[in-house]
Amino acid sequence: MSNPIIRILGGESVKRPPIWMMRQAGRYLPEYRDVRAKAGGFVDLCLTPALAAEVTLQPVRRFPFDAAIIFSDILIVPHALGVKLWFEEGEGPRLEPVASQAALQAMRTELDRGITGRVYEAILKVRAELPNHTVLIGFCGAPWTVASYMVAGRGTPDQEPARQLAESNPVLFSEIIDRLVDATALHLVGQLEAGADLLQLFDTWAGVLDEQSFEAWCVKPSAEIVRRVRSAKPDAKIILFPKGISVANMQKIVAACGGDAISIDMHADRKAARAALASTCAIQGNLDPDILIKGGAALDRAVDEILADFRGIRHIFNLGHGIKPETPIENVERMIARVRGAK
Ligand code: CP3
């Protein structure tokens with residue numbers, strides 16, 4: 001497949017950086033809001049293959065992105081392990097909390113194919129309709145981030161409940177993490193088998209941990225997942241997104257995992273990241289989603305700075321975190337045109 005993202009992940013340089021956007025299927029698109037309204041709930045949308053495939057394809061029909069990302073959620077994995085999952089409108093995800101040995105025992109030991117199979121069916125449908133030159137990205141949350149929602153039953157400002165449990169009961173917490181390592185590796189392989197071309201591992205909350213906990217709960221589990229995925233699929237290409245960490249920790253996690261690329265957030269120091277990482281892996285990122293909302297000359301300037309800082313290295317243009325619902329569509333068009341026109 002001659003797709004620039006695959007080429008970059010395989011070690012080649014390309015002239016202009018390829019581009020896609022985290023959360024590119026979502027509420028900033030009117031056609032997404034239409035399908036979302038018909039689906040009923042967010043979880044129903046994720047688990048109805050025809051609808052999940054439709055919203056995955058919407059952004060690549062509208063914009064010339066180099067990748068589609070399968071429409072699903074990182075919390076589908078705990079859901080497939082028997083944890084109840086629902087969304088509170090206007091708030092976010094809710095899970096039946098898993099913060100005790102009893103709750104862990106009540107979980108399934110194997111993924112429910114009745115749930116994961118729907119993701120694979122959506123991937124099959126997308127792959128059948130996606131142009132050949134567009135790659136399809138499969139994904140999972142990394143165990144630390146997924147566990148942090150499971151322990152609290154919801155998102156919190158700094159995932160304090162999970163950090164506390166890891167501190168007060170490391171044995172139980174590591175059992176939760178181990179269960180997620182097993183399930184995540186299998187779900188990533190399942191997505192590749194269904195037709196995903198590459199994978200991204202989202203560790204949104206990596207940045208709230210101290211050095212030792214980062215090593216124990218982010219680096220080790222992620223490295224084990226990559227090892228298992230590659231033992232099943234030796235050519236698997238994997239992008240890591242450990243959000244909010246230092247450049248030194250980026251080096252640590254890339255070295256331990258053997259990631260093909262690291263996605264950096266909008267607060268990362270681009271020049272330091274380039275100096276430390278560009279010879280080892282590709283770099284993805286890192287436009288601030290708030291500047292994408294602003295648009296105009298500020299957006300042009302920010303895009304140009306990113307292009308200049310990463311000129312000559314293996315770079316995939318992306319945001320530093322997901323696009324926000326209030327983003328004007330014309331700003332997305334403007335960003336893509338500027339990246340595509342890059343010299
Ligand atoms: O990127 C894509 O387009 C693919 C789909 C995708 C979604 N969530 C769809 C979604 C992906 C890759 C995710 C990952 C995800 N989900 C993460 C990691 C990345 C990140 O953004 O930090 C996390 C932490 C979650 C859990 C989650 N799902 C939260 C905290 C929320 C609420 C926040 C919000 O934006 O509303 C969701 C909901 C969610 N996941 C939406 C979408 C499009 C919005 C749902 C809606 O339509 O109301």
More than 12 heavy atoms of other residues, nucleotides or ligands under 6.0 Å from [atom1] of [X]: yes or no?
| X | atom1 | result |
| --- | --- | --- |
| Glu326 | CD | yes |
| Glu167 | CD | no |
| Arg228 | CZ | yes |
| Lys243 | NZ | yes |

Consider only side-chain N and O atoms of [X] and [Y], and report whether a donor and an acceptor are under 3.5 Å apart.
| X | Y | value |
| --- | --- | --- |
| Glu211 | Asn249 | yes |
| Gln159 | Trp144 | no |
| Gln200 | Gln284 | yes |

Measure from the side-chain N and O atoms of [X] to the backbone N and O of [Y], and report whether any donor-acceptor pair falls under 3.5 Å.
| X | Y | result |
| --- | --- | --- |
| Thr145 | Gly141 | no |
| Asp265 | Gly320 | no |
| Thr48 | Leu45 | no |
| Asp158 | Val208 | no |
| Thr184 | Val181 | no |
| Asp73 | Ile76 | no |
| Thr134 | Ala67 | no |
| Arg118 | Leu47 | yes |
| Asn286 | Leu319 | no |
| Asp66 | Pro18 | no |

### Task
Name all residues meeting the salt bridge (Lys or Arg N to Asp or Glu O under 4.0 Å) criterion together with Asp300; count only those two or more places apart in sequence or in a different chain, and write none if there are none.
Arg334, Arg338
### Query
Would Phe173 and Val151 satisfy side chain to side chain contact (heavy atoms under 4.5 Å, CB included), going step by step from the backbone distance to the final call?
CA-CA 9 Å; Phe173 193 71; Val151 169; 4.1 Å; yes
Interatomic distance, [X] atom [atom1] to [Y] atom [atom2] [nearest 0.5 angstrom]:
| X | Y | atom1 | atom2 | answer |
| --- | --- | --- | --- | --- |
| Leu240 | Ser222 | CG | OG | 7.0 Å |
| Met107 | Thr109 | CE | OG1 | 9.5 Å |
| Leu292 | Met266 | CG | CE | 12.0 Å |
| Leu51 | Thr56 | CG | OG1 | 10.5 Å |
| Ile177 | Met150 | CD1 | CE | 9.0 Å |
| Leu198 | Asp235 | CG | CG | 12.5 Å |

Between [X] and [Y] (salt bridge meaning N to carboxylate O under 4.0 Å), is one present in this structure?
| X | Y | answer |
| --- | --- | --- |
| Glu110 | Arg113 | no |
| Asp309 | Arg274 | no |
| Asp260 | Arg230 | yes |
| Arg127 | Asp197 | yes |
| Lys324 | Asp290 | yes |
| Lys125 | Glu54 | no |
| Arg163 | Glu160 | yes |

For residues [X] and [Y], report the shortest heavy-atom separation together with the two atoms involved.
| X | Y | value |
| --- | --- | --- |
| Ala103 | Pro97 | CB-O, 4.0 Å |
| Pro17 | Phe317 | CB-N, 4.2 Å |
| Thr156 | Pro161 | OG1-CD, 3.8 Å |
| Phe42 | Ser72 | CZ-O, 4.3 Å |
| Val247 | Ala272 | CG1-O, 3.8 Å |
| Ala53 | Ala122 | CB-O, 4.0 Å |

Could you check if a side-chain atom of [X] sits within less than 4.5 angstrom of a side-chain atom of [Y], using non-hydrogen atoms only?
| X | Y | value |
| --- | --- | --- |
| Leu188 | Gln191 | yes |
| Arg314 | Arg7 | no |
| Ile115 | His79 | yes |
| Ile264 | Ile283 | yes |
| Ile225 | Val229 | yes |
| Phe65 | Met21 | yes |
| Arg61 | Glu129 | yes |
| Ile69 | Leu136 | no |

#### Entry: Verdict with supporting geometry, Ile8 and Ile316, side chain to side chain contact (heavy atoms under 4.5 Å, CB included)
CA-CA 8 Å; Ile8 283 181; Ile316 301 164; 4.2 Å; yes
### Task
For side chain to side chain contact (heavy atoms under 4.5 Å, CB included), just list the numbers for Ile239 and Leu201, CA-CA rounded to whole Å, side-chain angles, deciding distance to a tenth of an Å, and then say yes or no.
CA-CA 6 Å; Ile239 302 172; Leu201 197 56; over 6 Å; no
### Query
Which word best sums up how the rings of Phe310 and His315 line up, parallel for under 30°, tilted for 30 to 60°, or perpendicular for over 60°?
tilted
### Task
Applying side chain to side chain contact (heavy atoms under 4.5 Å, CB included), run through Asp112 and Arg108 and close with a yes or a no.
CA-CA 8 Å; Asp112 181 351; Arg108 301 170 59 97; 3.7 Å; yes
### Message
Measuring centre to centre across the rings, with the benzene-like ring taken for any Trp, is Phe71 within less than 6.0 Å of Phe139?
### Response
no
### Message
Tell me if the aromatic rings of His321 and Phe202 count as close, with their centers under 6.0 Å from one another.
### Response
no
### salt bridge (Lys or Arg N to Asp or Glu O under 4.0 Å) assessment of Arg36 paired with Glu89
CA-CA 12 Å; Arg36 171 83 160 77; Glu89 279 313 321; 3.2 Å; yes
### Query
Are Ile306 and Val14 connected, step by step, through hydrophobic side chains (Ile, Leu, Val, Met, Phe, Trp, Tyr) whose heavy atoms are closer than 4.5 Å?
yes
### Task
Report yes or no: do Ile5 and Phe63 belong to one cluster of Ile/Leu/Val/Met/Phe/Trp/Tyr joined by side chain heavy-atom distances under 4.5 Å?
yes
